[in-house]
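Scroll down for the structure; my scribbles are underneath it.
All values below were derived from every heavy atom in this structure, side-chain atoms included, with hydrogens, water molecules and symmetry-related copies excluded.
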Amino acid sequence: MPKADFKTLLLEADGPVWKILINRPDVRNAHDLETFKELVAAFDLVENDPDCRCAILSGVGDVFSAGQDIGFTRSAGAAELDAYGRWNVAARQRIQRNFKPVIAAVNGPAIGGGCYLAAACDLIVAVDTAFFQMREIQAGNHSGGAFLFTIGRARSLEMSLLGRRVPAQQAEEWGLINACVPAEEFEAAVEDYAQELAQVPPLAVRYTKAATNILLDSAGFSAHLDAGAPMQRYLALTPDGREAKAAFKERRKPRFTGAYPAARD
């Protein structure tokens, strides 16, 4: 196992199958800037170590990831928000375009950016108590349209515009995930997928993924990511974006106005 001193992740190796766990249970495995930087570094290790044939991404405890760390983004300045957005995209792309297959083991709620991290993986296995939710709209931001490529326009907009929970069983029916598994079978199901992937030809896996990504890019997937990130950074600085974060911290209902940022912002 390679040596890696991560602050926000745990890296475990078990023969050809490696596990990367988001390790911020005090904030429900939410992401700050350091999390995304370490995810990029961890998946660099996955890709470059010949002993690794498959990686599993999950969260410590009973939450996959609560997404954006509001405590971080609420206090961040423009430069930090810019870096957060860029590293967010970089982490998801590093997973999706990794030479090795990656399984999301969704052991609990996958919210916002956590939902997108799961979707960046090649296969998604969720425990039946998990749910998926895009709450960016409730935080005065947008979640893009990446799920359009998986579940179609109507369901993608339902997730993005309403921010409703999608239970794991419904996510499986929609085609958002590969499998919804009872808790007592969850770890075994993930392990079965991982061991099967670890046995298939590595170069064939690499180029199957590459071909899939070429098709996604031809449909505009990468362009969507490049265009969406600046929009998110802008919306985070609007009065509604700031009001949403303040209301969350103060545990009250937000008051949205649709106002544009002042010139000084």
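Side chain of Glu38 to main chain of Thr8: a donor-acceptor pair is present (N/O by atom type, distance under 3.5 Å, no hydrogens or angles). A distance-only check finds no donor-acceptor pair linking the side chain of Asp240 to the backbone of Gly140 [under 3.5 Å]. Judged by distance alone, the side chain of Asn23 and the main-chain N or O of Gly59 form no donor-acceptor pair under 3.5 Å. The backbone N or O of Tyr234 sits nowhere less than 3.5 Å from a side-chain atom of Thr238 that would complete a donor-acceptor pair.
Evaluation of the salt bridge (charged side-chain N to carboxylate O under 4.0 Å, His left out) test over residues 192-204, restricted to residues two or more places apart or in two chains, returns none. Contacts classified as salt bridge (charged side-chain N to carboxylate O under 4.0 Å, His left out) and involving residues 134-148 (residues at least two apart or in different chains) are not found. Sorted by first and then second residue, the pairs that involve residues 20-32 and meet salt bridge (charged side-chain N to carboxylate O under 4.0 Å, His left out), not counting sequence neighbours, are Arg24-Asp32, Arg24-Asp69. Pairs of residues two or more places apart, or lying in two chains, that qualify as side-chain hydrogen bond (donor to acceptor under 3.5 Å, both in side chains) and include a residue from residues 117-129 are Asp122-Lys209. Listed by first and then second residue, the ring pair (Phe, Tyr, Trp, His ring centres under 6.0 Å) pairs involving residues 114-142 are Tyr116-Phe147 (not counting sequence neighbours). Screening residues 100-115 for side-chain hydrogen bond (donor to acceptor under 3.5 Å, both in side chains), with sequence neighbours left out, gives Ser58-Asn107.
Under the salt bridge (Lys or Arg N to Asp or Glu O under 4.0 Å) criterion, Glu172 pairs with no residue at all, not counting sequence neighbours. Checked against salt bridge (Lys or Arg N to Asp or Glu O under 4.0 Å), Arg153 has no partners two or more places apart in sequence or in another chain. Asp217 meets the side-chain contact (heavy atoms from CB on, under 4.5 Å) test with Arg97, Phe221, Ser222; sequence neighbours excluded. Arg155 is linked by a salt bridge (Lys or Arg N to Asp or Glu O under 4.0 Å) to nothing, counting only residues two or more places apart in sequence or in another chain.
Using modelled atom types and a 3.5 Å distance limit, the side chains of Gln195 and Gln199 yield no donor-acceptor pair.
Alongside Leu21, the hydrophobic cluster contains Leu10, Val60 (criterion: ILVMFWY side chains under 4.5 Å). Residue Tyr193 shares its hydrophobic cluster (ILVMFWY side chains chained together at separations under 4.5 Å) with Val17, Ile56, Ile103, Leu123, Val125, Val127, Val181, Phe186, Val190, Leu197.
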